[in-house]
Amino acid sequence: MAAKQLKCRECGTEYPLEARYVCSRCFGPLEVGYDHERLADVGEVRRRIQGGPQNMWRYHDFLPLAGPQPRMRTGLPAGCTPLIRADRLAERLGLREVWVKNDAANPTHSFKDRVVSVAATRARELGFDTLACASTGNLANSVAAHGAALGMASYVLIPADLEEQKVLATGVYGTNLVKVRGNYDDVNRLCTELSGDRENWAFVNINMRPYYAEGSKTVAYEIAEQLGWELPDRVVVPIASGSLFTKIGKGFAEFIDVGLIDGEVPTMNGAQATGCSPVATAFRDGQDFCRPVKPHTIAKSLAIGNPADGPYALDLARATGGSIDSVNDQEIRAGIRLLAETTGVFTETAGGVTTAVLQKLAETGAIDREERVVIVITGEGLKTLDAVRHSFIDYEVDPTIESFEEAFAESVTV
Ligand SMILES: *Cc1c(COP(=O)(O)O)cnc(C)c1O
Ligand SMILES: [Zn+2]
């Protein structure tokens, strides 16, 4: 496989490709390192991608999995989601070219299927029999579904106050669903403790985190391939732990590095909810570290008060000339409606955050009119229905022409 080792992001110490996530020397996070020299024949690499399956396994050369054969792979292939040109949204915002990467179009309707596909496949390769996770909602759906598809047991731990749609769309897969009386950071702490003595459990975002994180790179690969092997100028991405945001940066950098695309990593804009915005706050204050917060926002999928990849997200935003901004609950609701009304894409609260931050960047003049901008829509609107309740009017009529006309006659005078 192209992956060579796990490597500490802080001190560079190398480890074998096993279930391990912190450096035992400096406690820094581990990341997968690759030997891309094998990929010197760019034409051949591109042909392998284009001849691959219509899912994220077409980027096998860039993922930390053994063997080119899909024998161990999950039965729920993620990826190859639509990239839609959104001219009506662009026009509304006074921009020329805006694209929507609709990652709600995954098996369990969020981008989390990408990270779970890699983590679950690697977990099998390493001999684990049980999948587990600490989740803000979408990860729960995906881990439960992948466990079902692979015939692995699963334990899914969530904050007890999660949206009902996300709870139902998890339990249906026959997982061990555990509601923890606390917020996500409490759930994560509990899972970190549990992972210490559950030896055959692969916690996808804890002991499998280095592999999990690699799945997010495929969003960048797809954007580049779908734009005809070209780069956008700017990408707007929501931030919870900061993993997706930083790995999209890594994905573009790798494609540039091996020569599949020309140019530089796009300007990277992170999007947070004001009610849980430790990374946006650190960005604004010029800090290198994020001060943990207690989340209070309708964007529950982004409600991580102590973001593991916060410092790396800050680095990436600064290095690419981007920023990390936040929007409040009212703006999030309006963002959901704006995207729906101009593109036909109905997103969950996280997508409302992303769209509202795009709008803010457009209005403040941070985006040049001529730029090619991509927004990453990470989840499905049907999972957070409360966010749009009472945001529009409807009409109830008797089944007669008179009643129909009466309803609309009245609405004109309102
Ligand atoms: C998990 C999640 C994110 C961001 O996750 P990171 O922890 O920053 O990688 C964004 N959107 C949705 C809908 C999510 O579920
Ligand atoms: Zn280290």
Side-chain angles (χ1 to χ4, degrees), residues 5-15 20-31 101-106 108-116 119 133-143 158 162-163 165-166 169-170 184-185 188 204-206 209 212-217 219 236-251 268 270-273 276-280 290 295 297-310 312-313 316 324 332 336 347-355 357 375-384 387:
Q5 75 287 98
L6 294 177
K7 199 167 177 179
C8 174
R9 294 192 70 160
E10 292 302 320
C11 76
T13 302
E14 296 182 358
Y15 300 87
R20 179 193 275 275
Y21 65 107
V22 274
C23 177
S24 44
R25 266 184 141 175
C26 77
F27 301 106
L30 304 185
E31 182 175 52
K101 179 65 172 162
N102 184 12
D103 244 30
N106 269 306
T108 71
H109 317 289
S110 86
F111 97 91
K112 289 297 199 302
D113 290 320
R114 297 175 186 273
V115 288
V116 175
C133 71
S135 173
T136 58
N138 285 310
L139 190 60
N141 297 172
S142 188
V143 165
I158 55 174
L162 221 51
E163 296 96 342
Q165 293 91 4
K166 285 186 180 158
T170 300
Y184 172 82
D185 299 286
N188 191 42
V204 298
N205 56 341
I206 301 176
R209 192 170 178 84
Y212 162 100
E214 292 297 285
S216 289
K217 297 186 308 184
V219 175
V236 188
V237 183
I239 291 181
S241 71
S243 174
L244 172 66
F245 182 75
T246 50
K247 296 302 167 176
I248 287 179
K250 188 182 181 196
M268 296 292 296
Q272 292 211 292
C276 182
S277 51
V279 196
C290 303
T297 168
I298 58 168
K300 293 185 181 181
S301 54
L302 303 182
I304 296 184
N306 189 8
D309 292 292
Y312 305 111
L316 178 64
I324 298 169
I332 294 168
I336 294 172
T347 183
E348 69 149 77
T349 44
V353 170
T354 307
T355 308
V357 164
I375 61 173
V376 179
I377 295 302
T378 46
E380 163 63 49
L382 293 172
K383 290 196 199 179
T384 61

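Both counts, for ligands and for their atoms, begin at 1 and track the order of listing.
- Using a 4.5 Å heavy-atom cutoff, the side chains of D185 and I304 are in contact.
- With hydrogens and angles disregarded, a donor-acceptor distance shorter than 3.5 Å links the side chain of S135 to the backbone of A140.
- Looking at T347, its side chain does come within 3.5 Å of a backbone N or O of G379 through a donor-acceptor pair.
- With respect to D113, the side-chain hydrogen bond (donor to acceptor under 3.5 Å, both in side chains) criterion is satisfied by exactly one of T108, N106, N138, N141: T108.
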Tabulating one pair per line, provide the atom names and distances (0.1 Å) for every N/O atom of ligand 1 that is less than 3.5 Å from a protein N/O atom.
from: ligand 1; atom 1: 7 (O); to: S241; atom 2: N; distance (Å): 2.8
from: ligand 1; atom 1: 7 (O); to: S241; atom 2: OG; distance (Å): 2.6
from: ligand 1; atom 1: 8 (O); to: A240; atom 2: N; distance (Å): 2.8
from: ligand 1; atom 1: 8 (O); to: S241; atom 2: N; distance (Å): 3.1
from: ligand 1; atom 1: 8 (O); to: G242; atom 2: N; distance (Å): 2.9
from: ligand 1; atom 1: 9 (O); to: L244; atom 2: N; distance (Å): 2.8
from: ligand 1; atom 1: 11 (N); to: T378; atom 2: OG1; distance (Å): 2.7
from: ligand 1; atom 1: 15 (O); to: K112; atom 2: NZ; distance (Å): 2.8
from: ligand 1; atom 1: 15 (O); to: N138; atom 2: ND2; distance (Å): 2.9

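- The backbone N or O of K7 sits nowhere less than 3.5 Å from a side-chain atom of Q5 that would complete a donor-acceptor pair.
- Of all protein atoms, those of element N, O or S that lie under 2.8 Å from the Zn ion (ligand 2) number 4.
- When side chains are defined from C-beta on, C23 counts as touching L30, because their heavy atoms get closer than 4.5 Å.
- Under the side-chain contact (heavy atoms from CB on, under 4.5 Å) criterion, A280 pairs with Q272, S277, I324, S326, sequence neighbours left out.
- One side chain, S241 or R209, offers a donor N or O that lies under 3.5 Å from an acceptor on the other.
- A search for side-chain contact (heavy atoms from CB on, under 4.5 Å) contacts involving K250 returns E31, Y34, E214, K217, K247, E254, not counting sequence neighbours.
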